[in-house]
Amino acid sequence: MLKKPRVVIIGAGMAGLTAANKLYTHSNNTTFDLSVFEGGSRIGGRINTFEFSSERIEMGATWIHGIGGSPVYKIAEEAGSLVSDEPWECMDSTADKARTFAEGGFEVDPSVVEPVSGLFNALMELAQGKKKEKEKKITQNDVVSGLGSIYENATSVGSFLKSGFDAYRDATGNGGNGSLEEAIFTMFSNTQRTYTSADDLWTLDYAAESEYQMFPGEEITIAKGYVSVIHHLASVLPHGVIQLNRTVTKIEWESCEECPVRLHFSDGSVVFADHVIVTVSLGVLKAGIESDDELFSPPLPEFKSDAIKRLGYGVVNKLFVEVSERNFPSLQLVFGREDSDSRFVKIPWWMRRTATIAPIHSNSKVLLSWFAGKEAIELEKLTDEEIIDGVLTTISCLTGKQVKNGYVNGNDNEVLRITKVLKSKWGGDPLFRGSYSYVAVGSSGDDLDALAEPLPKINKKSGQGKCHDQTKVHELQVMFAGEATHRTHYSTTHGAYYSGMREANRLLKHYKCDF
Ligand SMILES: Cc1cc2nc3c(=O)[nH]c(=O)nc-3n(C[C@H](O)[C@H](O)[C@H](O)COP(=O)(O)OP(=O)(O)OC[C@H]3O[C@@H](n4cnc5c(N)ncnc54)[C@H](O)[C@@H]3O)c2cc1C
Ligand SMILES: *[C@@H]1O[C@H](CO)[C@@H](O)[C@H](O)[C@H]1NC(C)=O
Ligand SMILES: *[C@@H]1O[C@H](CO)[C@@H](O)[C@H](O)[C@H]1NC(C)=O
Ligand SMILES: *[C@@H]1O[C@H](CO)[C@@H](O)[C@H](O)[C@H]1NC(C)=O
Ligand SMILES: *[C@@H]1O[C@H](CO)[C@@H](O)[C@H](O)[C@H]1NC(C)=O
Ligand SMILES: *[C@@H]1O[C@H](CO)[C@@H](O)[C@H](O)[C@H]1NC(C)=O
């Protein structure tokens, strides 16, 4: 009997487990000798459902971005993950009732916020190329429809938003330097930083924005936790296929031996494989090619390493705090410009680009804020006391609410206290080194495609490469999956899912078992 081809998947996140599930179920466990090696002590990767203050929360992936046609939604439905007796994060939309407060210590009337949010949303729809679908809505906004053409030459989302806002200011007379409108617009721009993970929207490529696709329909969170989708995928795999605590330190490829790929692990062990599907994050790949001790040997070809270098990969973190009272409102936070007089010096810089503080569902004592870029990196370093102080100071300066800093007990119901803190630390974790990828200025969708290409590149004619007889070169030695390898759905769980499917199908086709 012929030896089964040995397939190793590196990483037990959405991409890796989707590929494993597909390879296993589709070949009836007869075609491949399959293993999944995961560096961490759990499966799920950037999907990590957690418990905090007796509530189910998500440290990583949170939303199904549009349920219409989403494969993640389909799995969640099959797995019975969409209903639960227990409350869960964002089970109800508290954002609709959000109140807006500005530095200076006053509440901003919705009649001031709404035109700016309308402008911002219309601009992002234009940027994302949804102009046609949304034509009606946009033409209602005379300012944007009349000035659409001036955005043609934008290079970054940041420059695009600036021209959009400038045009609005010139047309309406609202939004001069230091104005409330400008500060509100900045707040919405900051939410865009957390959606994209770009620290600075001036580094976010404008042209690529319109290639990015969203599913139609509602955006929802998963009642039984995002990780229930992961467990559903993993449940078909026999015991022993997934091995935890196995960090790969080197991938030797392009050898002419029988087993062409050799994997080295942090514990010194070595595993041979015919095919490796690498699903580690773009951040891990960036570190891997920049390190003195490269992750790949020989190093990746230039077309690949250049794409890895050019693409953007940022840090987004979530902060959860348990407060002493229920029914705390959802807050939108508007901060003054650096040169404005009304700035409260006590508010730390790392709070100043946080757009919202909101309970995870109505009646929850757990408040959530999202952080991106430099602020997200700083958050990882702060002590709980510094975080409590920064959050409470911000709340008190903007809303005038009485707060009590530090961990203190007491029963004064009028005074807001924070009793517990939990934050994600995606940036500092060597298994992730950040949160998700984006197309940076200087890069393009082609780089996402380049990242997806398997190695070695077979060139049967010219006979280049280490193996001089190219007809004997093993195909598909190193394959790549993961969110950053999907041209139109990068940064998402469903992008990771599609990429895992793509690579599993590539192998199935190679072995002609794509029945
Ligand atoms: C804070 C946050 C919020 C998010 N919100 C959303 C959201 O609302 N909706 C959405 O769709 N997406 C969201 N995402 C993105 C989503 O989580 C990811 O796109 C997706 O989970 C990535 O899956 P993956 O399989 O590509 O990578 P990963 O999940 O990173 O899987 C790769 C695996 O490889 C392992 N690994 C790394 N290095 C090694 C090594 N050397 N050896 C062995 N194993 C290794 C890692 O431990 C990891 O388990 C969010 C992410 C974060 C961080
Ligand atoms: C799959 O395996 C089962 C049991 O091992 C067997 O009964 C079945 O015929 C197989 N199917 C295919 C398509 O090989
Ligand atoms: C799958 O195959 C392996 C050997 O390759 C065997 O150990 C295992 O029991 C099989 N699992 C099932 C469910 O058939
Ligand atoms: C992995 O490591 C963690 C922490 O180091 C340990 O608690 C866990 O038992 C290990 N799991 C396995 C399967 O080895
Ligand atoms: C965009 O740039 C081109 C070339 O620089 C220029 O000819 C064109 O007028 C610009 N379009 C707009 C709307 O500014
Ligand atoms: C706003 O300030 C910037 C520099 O800070 C300046 O270039 C611009 O002309 C000012 N705009 C208005 C409308 O005052």
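In listed order, ligands and their atoms are each counted from 1. These values consider heavy atoms only, across backbone and side chains, with no hydrogens, waters or symmetry-generated copies.
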**Item:** Lys304 charged N/C atom sitting above Phe480 aromatic ring, 6.0 Å / 45°
**Value:** yes
**Asked** Which bit of Ala484 gets closer than 4.0 Å to ligand 1, counting heavy atoms only: side chain, backbone, both or neither?
**Response**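 For Ala484, there is no contact with ligand 1 at all, from either part.
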**Prompt:** Using heavy atoms and a threshold below 4.0 Å, how should the contact between Arg246 and ligand 1 be classified: side chain, backbone, both, or neither?
**Reply:**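 The answer is the backbone of Arg246.
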Please work out which of [options] has its closest non-hydrogen atom nearest to [atom].
atom                    : options                : answer
atom 1 (C) of ligand 1  : Tyr497, Trp426, Phe371 : Trp426
atom 41 (N) of ligand 1 : Leu282, Val248, Val278 : Val248
atom 30 (O) of ligand 1 : Met14, His65, Arg46    : Arg46

Please identify which atoms of ligand 1 are closer than 4.0 Å to at least one heavy atom of [X].
X      : result
Gly13  : 25 (O), 29 (O), 31 (O)
Thr247 : 40 (C), 41 (N), 42 (N), 43 (C)
Thr62  : 5 (N), 6 (C), 7 (C), 8 (O)
Ile10  : 42 (N), 43 (C), 44 (N)

**Request:** Without swapping roles, check the side chain of Trp370 against the backbone of Thr356 for a donor-acceptor pair under 3.5 Å.
**Result:** no
**Prompt:** When you measure from the side chain of Arg6 to the backbone N and O of Phe272, does any donor-acceptor pair fall under 3.5 Å?
**Reply:**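 Present.
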**Aromatic plane relationship, Trp426 with Phe432 - under 30° parallel, 30 to 60° tilted, over 60° perpendicular** = perpendicular
**Prompt:** According to the interplanar angle, ranging from 0 to 90°, do the rings of Phe185 and Phe120 count as parallel (below 30°), tilted (30 to 60°) or perpendicular (above 60°)?
**Reply:**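 Phe185 and Phe120: perpendicular rings.
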Ion pair present between [X] and [Y], side-chain N to carboxylate O less than 4.0 angstrom?
X      : Y      : result
Glu503 : Arg506 : yes
Lys318 : Glu89  : yes
Asp446 : Arg487 : yes
Lys97  : Asp92  : no
Lys381 : Glu386 : no
Glu322 : Lys365 : no
Glu483 : Arg46  : yes

How far is [atom] from its nearest protein heavy atom, and which residue and atom is that?
atom                    : answer
atom 35 (C) of ligand 1 : Glu38 OE1, 3.4 Å
atom 38 (N) of ligand 1 : Val280 CG1, 3.4 Å
atom 6 (C) of ligand 1  : Ala61 CA, 3.4 Å
atom 44 (N) of ligand 1 : Gly39 N, 3.0 Å
atom 34 (O) of ligand 1 : Gly11 CA, 3.2 Å
atom 52 (C) of ligand 1 : Tyr436 CE2, 3.7 Å
atom 11 (O) of ligand 1 : Thr493 N, 2.9 Å
atom 26 (O) of ligand 1 : Glu483 N, 2.9 Å

**Message:** When you measure from the heavy atoms of Ser491 to every atom of ligand 1, does any distance fall below 4.0 Å?
**Reply:**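 For ligand 1, residue contact (heavy atoms, under 4.0 Å) with Ser491 is present.
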**Asked** Does some non-hydrogen atom of Tyr490 fall short of 4.0 Å from ligand 1?
**Response**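 So Tyr490 does not count as touching ligand 1.
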**Asp447 side chain near Val439 side chain, heavy-atom distance below 4.5 Å** = no
**Message:** Distance under 4.0 Å, heavy atoms only, partner ligand 4: which residues pass?
**Reply:**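 The answer is Ser41, Asn245, counting any residue whose heavy atom sits under 4.0 Å from ligand 4.
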**Single hit among Trp63, Tyr73, Phe215 for ring-ring contact (aromatic ring centres under 6.0 Å, His included) with His494** =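 Of the listed residues Trp63, Tyr73, Phe215, the ring-ring contact (aromatic ring centres under 6.0 Å, His included) partner of His494 is Phe215.
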**Message:** Check this for me - ligand 1, Val284, N or O atoms closer than 3.5 angstrom, yes or no?
**Reply:**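 No.
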**Prompt:** Is there a nitrogen or oxygen of Trp63 sitting under 3.5 Å from a nitrogen or oxygen of ligand 1?
**Reply:** yes
**Criterion side-chain contact (heavy atoms from CB on, under 4.5 Å) on Val270 and Leu263, from CA distance to verdict** = CA-CA 5 Å; Val270 176; Leu263 297 170; over 6 Å; no
**Request:** Give a yes or no on whether the ring-centroid distance for Tyr490 and Tyr436 is below 6.0 angstrom.
**Result:** no
